[in-house]
Amino acid sequence: QKEVEQNSGPLSVPEGAIASLNCTYSDRVSQSFFWYRQYSGKSPELIMSIYSNGDKEDGRFTAQLNKASQYVSLLIRDSQPSDSATYLCAVNLGGTSYGKLTFGQGTILTVHP
Amino acid sequence: DVKVTQSSRYLVKRTGEKVFLECVQDMDHENMFWYRQDPGLGLRLIYFSYDVKMKEKGDIPEGYSVSREKKERFSLILESASTNQTSMYLCASRPPGNYGYTFGSGTRLTVV
(Lines give C-alpha, C1' and ligand atoms only; values in the text may rest on other atoms or scores of the structure.)
Protein backbone atom coordinates (compact mmCIF):
# COMPACT_ATOMS: atom_id res chain seq x y z
CA GLN A 1 0.00 0.00 0.00
CA LYS A 2 1.26 3.44 -0.90
CA GLU A 3 1.82 5.77 2.02
CA VAL A 4 -0.20 8.59 0.48
CA GLU A 5 -2.77 7.58 -2.06
CA GLN A 6 -5.03 9.76 -4.19
CA ASN A 7 -8.08 8.74 -6.17
CA SER A 8 -7.00 7.84 -9.63
CA GLY A 9 -7.95 10.28 -12.31
CA PRO A 10 -8.28 11.88 -14.52
CA LEU A 11 -11.31 13.70 -13.17
CA SER A 12 -13.45 15.69 -15.56
CA VAL A 13 -16.18 18.06 -14.39
CA PRO A 14 -18.26 20.70 -16.15
CA GLU A 15 -17.73 24.36 -15.42
CA GLY A 16 -19.65 25.43 -12.32
CA ALA A 17 -19.72 21.95 -10.77
CA ILE A 18 -18.08 20.77 -7.56
CA ALA A 19 -14.84 18.85 -8.00
CA SER A 20 -14.01 16.38 -5.24
CA LEU A 21 -10.46 15.14 -4.76
CA ASN A 22 -9.62 12.48 -2.23
CA CYS A 23 -6.51 11.30 -0.43
CA THR A 24 -5.79 8.58 2.13
CA TYR A 25 -2.63 8.16 4.16
CA SER A 26 -1.04 5.32 6.00
CA ASP A 27 0.13 6.74 9.33
CA ARG A 28 -2.42 7.42 12.05
CA VAL A 29 -0.22 9.92 13.90
CA SER A 30 0.28 12.27 10.95
CA GLN A 31 -0.49 15.86 11.88
CA SER A 32 -0.05 18.11 8.85
CA PHE A 33 -1.81 17.88 5.51
CA PHE A 34 -1.46 20.00 2.41
CA TRP A 35 -2.96 20.37 -1.03
CA TYR A 36 -0.87 21.63 -3.92
CA ARG A 37 -1.95 22.62 -7.41
CA GLN A 38 0.43 22.04 -10.30
CA TYR A 39 -0.18 23.42 -13.77
CA SER A 40 1.41 21.61 -16.67
CA GLY A 41 5.12 22.47 -16.89
CA LYS A 42 5.06 24.44 -13.64
CA SER A 43 6.06 23.68 -10.07
CA PRO A 44 3.55 22.85 -7.31
CA GLU A 45 1.82 25.73 -5.56
CA LEU A 46 0.43 25.42 -2.03
CA ILE A 47 -3.32 26.10 -1.97
CA MET A 48 -4.55 24.64 1.33
CA SER A 49 -3.23 23.33 4.61
CA ILE A 50 -5.22 21.58 7.32
CA TYR A 51 -4.23 20.25 10.72
CA SER A 52 -7.45 19.56 12.67
CA ASN A 53 -10.41 17.33 12.01
CA GLY A 54 -13.24 19.00 10.16
CA ASP A 55 -13.52 21.47 7.34
CA LYS A 56 -11.39 24.45 6.41
CA GLU A 57 -12.65 26.85 3.79
CA ASP A 58 -10.73 29.35 1.68
CA GLY A 59 -12.70 30.96 -1.10
CA ARG A 60 -13.94 28.25 -3.46
CA PHE A 61 -11.72 25.62 -1.81
CA THR A 62 -12.66 23.46 1.17
CA ALA A 63 -10.29 20.97 2.73
CA GLN A 64 -11.78 18.21 4.88
CA LEU A 65 -9.82 16.08 7.33
CA ASN A 66 -10.87 12.90 9.13
CA LYS A 67 -7.94 11.55 11.12
CA ALA A 68 -9.85 8.52 12.38
CA SER A 69 -10.42 7.40 8.80
CA GLN A 70 -7.00 8.71 7.67
CA TYR A 71 -8.65 10.65 4.93
CA VAL A 72 -8.26 14.17 3.59
CA SER A 73 -10.17 15.71 0.71
CA LEU A 74 -10.34 18.89 -1.32
CA LEU A 75 -13.57 20.29 -2.70
CA ILE A 76 -13.53 22.94 -5.39
CA ARG A 77 -16.85 24.73 -5.72
CA ASP A 78 -17.97 26.53 -8.88
CA SER A 79 -15.13 24.91 -10.83
CA GLN A 80 -13.55 27.03 -13.53
CA PRO A 81 -11.49 26.02 -16.58
CA SER A 82 -8.53 27.74 -14.85
CA ASP A 83 -8.78 25.08 -12.12
CA SER A 84 -7.66 22.46 -14.66
CA ALA A 85 -4.39 21.16 -13.20
CA THR A 86 -2.87 18.27 -11.26
CA TYR A 87 -3.70 18.34 -7.55
CA LEU A 88 -1.20 16.84 -5.15
CA CYS A 89 -1.95 15.70 -1.62
CA ALA A 90 1.02 15.93 0.77
CA VAL A 91 1.32 14.58 4.30
CA ASN A 92 3.91 14.98 7.01
CA LEU A 93 3.71 11.25 7.76
CA GLY A 94 4.01 10.34 11.41
CA GLY A 95 4.98 13.89 12.22
CA THR A 96 8.43 13.10 10.85
CA SER A 97 11.23 15.43 11.73
CA TYR A 98 11.99 18.58 9.78
CA GLY A 99 8.58 18.64 8.12
CA LYS A 100 9.44 16.19 5.39
CA LEU A 101 6.40 15.69 3.16
CA THR A 102 5.29 12.60 1.30
CA PHE A 103 3.24 13.28 -1.82
CA GLY A 104 0.49 11.34 -3.49
CA GLN A 105 0.65 10.59 -7.19
CA GLY A 106 -1.65 13.45 -8.01
CA THR A 107 -5.08 13.68 -9.58
CA ILE A 108 -5.46 15.40 -12.94
CA LEU A 109 -8.55 17.62 -12.99
CA THR A 110 -10.07 18.93 -16.19
CA VAL A 111 -12.87 21.49 -16.03
CA HIS A 112 -14.64 21.74 -19.37
CA PRO A 113 -16.73 24.75 -20.43
CA ASP B 1 6.46 36.20 -0.33
CA VAL B 2 9.14 33.56 -0.03
CA LYS B 3 11.17 33.19 -3.14
CA VAL B 4 12.94 29.96 -4.01
CA THR B 5 15.15 30.32 -7.04
CA GLN B 6 16.58 27.50 -9.08
CA SER B 7 19.43 28.61 -11.27
CA SER B 8 18.48 26.80 -14.47
CA ARG B 9 15.10 26.11 -16.01
CA TYR B 10 16.38 23.66 -18.62
CA LEU B 11 19.67 21.80 -18.68
CA VAL B 12 21.15 19.26 -21.08
CA LYS B 13 24.18 17.28 -19.92
CA ARG B 14 26.18 14.34 -21.20
CA THR B 15 26.41 10.96 -19.53
CA GLY B 16 29.24 10.91 -17.01
CA GLU B 17 29.33 14.66 -16.43
CA LYS B 18 29.23 16.09 -12.93
CA VAL B 19 26.14 18.25 -12.65
CA PHE B 20 25.34 20.96 -10.12
CA LEU B 21 21.79 22.15 -9.52
CA GLU B 22 21.57 25.27 -7.40
CA CYS B 23 18.74 26.46 -5.20
CA VAL B 24 18.56 29.70 -3.23
CA GLN B 25 15.83 30.87 -0.85
CA ASP B 26 15.46 34.35 0.55
CA MET B 27 13.52 33.80 3.80
CA ASP B 28 16.09 32.36 6.17
CA HIS B 29 14.39 28.95 6.23
CA GLU B 30 16.20 26.17 8.03
CA ASN B 31 14.68 23.32 6.07
CA MET B 32 15.36 22.75 2.39
CA PHE B 33 14.54 19.79 0.16
CA TRP B 34 15.34 18.30 -3.22
CA TYR B 35 12.75 16.20 -5.06
CA ARG B 36 12.57 14.72 -8.49
CA GLN B 37 9.31 14.35 -10.35
CA ASP B 38 8.69 11.70 -12.97
CA PRO B 39 5.48 10.73 -14.78
CA GLY B 40 3.78 7.87 -12.98
CA LEU B 41 6.18 8.05 -10.03
CA GLY B 42 5.21 11.40 -8.58
CA LEU B 43 7.48 13.46 -6.37
CA ARG B 44 10.27 11.55 -4.67
CA LEU B 45 12.56 12.98 -2.01
CA ILE B 46 16.27 12.83 -2.80
CA TYR B 47 17.87 14.72 0.09
CA PHE B 48 16.97 17.33 2.62
CA SER B 49 18.80 19.65 4.97
CA TYR B 50 17.69 21.08 8.30
CA ASP B 51 20.61 23.41 8.91
CA VAL B 52 23.88 24.59 7.45
CA LYS B 53 26.19 21.66 6.76
CA MET B 54 23.48 19.22 7.90
CA LYS B 55 21.89 16.80 5.47
CA GLU B 56 19.72 13.71 5.50
CA LYS B 57 19.05 11.13 2.82
CA GLY B 58 15.61 10.94 1.40
CA ASP B 59 14.02 8.00 -0.38
CA ILE B 60 16.23 7.91 -3.47
CA PRO B 61 19.69 9.35 -2.65
CA GLU B 62 21.72 6.97 -4.82
CA GLY B 63 23.77 8.81 -7.42
CA TYR B 64 23.27 12.18 -5.75
CA SER B 65 24.95 14.26 -3.10
CA VAL B 66 24.17 17.68 -1.65
CA SER B 67 25.94 20.67 -0.22
CA ARG B 68 24.71 23.34 2.17
CA GLU B 69 27.50 25.74 3.03
CA LYS B 70 25.19 28.71 3.60
CA LYS B 71 21.69 28.77 4.98
CA GLU B 72 20.13 30.22 1.85
CA ARG B 73 21.73 27.85 -0.66
CA PHE B 74 21.19 24.11 -1.12
CA SER B 75 22.95 22.41 -4.02
CA LEU B 76 22.19 19.05 -5.56
CA ILE B 77 25.11 17.27 -7.20
CA LEU B 78 24.90 14.45 -9.70
CA GLU B 79 28.32 12.86 -9.34
CA SER B 80 28.26 11.13 -12.73
CA ALA B 81 25.10 11.86 -14.66
CA SER B 82 23.24 8.94 -16.18
CA THR B 83 20.28 8.84 -18.55
CA ASN B 84 18.00 7.55 -15.78
CA GLN B 85 18.55 10.85 -13.98
CA THR B 86 16.68 12.69 -16.72
CA SER B 87 13.87 14.29 -14.76
CA MET B 88 12.29 17.43 -13.38
CA TYR B 89 14.14 18.50 -10.23
CA LEU B 90 12.31 20.57 -7.67
CA CYS B 91 13.82 22.44 -4.74
CA ALA B 92 11.66 23.49 -1.79
CA SER B 93 12.06 25.27 1.51
CA ARG B 94 9.90 25.71 4.59
CA PRO B 95 10.09 27.52 7.90
CA PRO B 96 10.00 25.73 11.29
CA GLY B 97 6.60 24.58 12.45
CA ASN B 98 3.66 23.09 10.59
CA TYR B 99 4.00 24.85 7.29
CA GLY B 100 3.98 23.65 3.74
CA TYR B 101 6.78 24.01 1.27
CA THR B 102 7.46 26.76 -1.18
CA PHE B 103 8.83 25.26 -4.37
CA GLY B 104 11.25 26.71 -6.86
CA SER B 105 10.30 26.79 -10.53
CA GLY B 106 12.09 23.51 -11.21
CA THR B 107 14.97 22.41 -13.43
CA ARG B 108 14.20 20.05 -16.29
CA LEU B 109 17.39 18.05 -16.72
CA THR B 110 18.04 15.90 -19.75
CA VAL B 111 21.04 13.57 -19.73
CA VAL B 112 22.08 12.37 -23.18
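Letters go in sequence order (proteins before strands), and every chain restarts at 1.
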**Close contacts, residues 10-18 of chain B versus chain A, judged by heavy atoms under 4.5 Å** = none
**Item:** Contact listing (chain B partner; residues 103-113 of chain A; heavy atom under 4.5 Å)
**Value:** A:F103, A:Q105
**Message:** Let me confirm one number: the NZ-CG distance from A:K42 to B:L90, rounded to the nearest 0.5 Å.
**Reply:** 12.5 Å
**Prompt:** Going hydrophobic residue to hydrophobic residue with side-chain gaps under 4.5 angstrom, can you get from B:L43 over to B:Y89?
**Reply:** no
**Message:** Using only non-hydrogen atoms and a strict under-4.5 angstrom cutoff, which residues of residues 65-75 of chain B touch chain A?
**Reply:** none
**Message:** Using the rule that Ile, Leu, Val, Met, Phe, Trp and Tyr join whenever any side-chain heavy atoms are under 4.5 Å apart, tell me whether B:Y35 and B:I46 fall into a single cluster.
**Reply:** no
**Item:** Part of B:E30 lying under 4.5 Å from any heavy atom of chain A
**Value:** neither
**Message:** If hydrophobic clusters are built from ILVMFWY residues whose side chains come within less than 4.5 Å, do B:V24 and B:L21 share one?
**Reply:** no
**Choice from A:G41, A:S32, A:P44 maximising heavy atom contacts with chain B below 4.5 Å** = A:P44
**Prompt:** Shared ILVMFWY cluster between B:Y50 and B:L76, side chains joined below 4.5 angstrom?
**Reply:** no
**Message:** Can you confirm whether B:I60 is buried at CD1, in the sense that more than 12 heavy atoms of other residues, nucleotides or ligands lie under 6.0 Å from that atom?
**Reply:** yes
**Message:** Applying a strict under-4.5 Å side-chain criterion to I, L, V, M, F, W and Y, I'd like to know whether A:L88 and A:L75 cluster together.
**Reply:** no
**Complete:** Tightest non-hydrogen contact, residues A:K100 and B:F48, listed as CD-CE2, 3.7 Å
**Polar side-chain atom of A:S43 near backbone of B:G104 as donor-acceptor pair, under 3.5 Å** = yes
**Message:** Counting neighbours of OH on B:Y99 that are heavy atoms of other residues, nucleotides or ligands and sit closer than 6.0 Å, is the number greater than 12?
**Reply:** no
**Interatomic spacing from CG in B:D59 to OG1 in A:T102 - rounded to 0.5 Å** = 6.5 Å
**Complete:** Within residues 45-60 of chain A, the residues sitting under 4.5 Å from chain B by heavy atom, in sequence order, are A:L46, A:Y51
**Message:** Once you measure the plane-to-plane angle for B:F103 and A:Y36, does it fall in the parallel (<30°), tilted (30-60°) or perpendicular (>60°) bin?
**Reply:** perpendicular
**Item:** Segment of A:Q6 engaging chain B (4.5 angstrom heavy-atom cut-off)
**Value:** neither
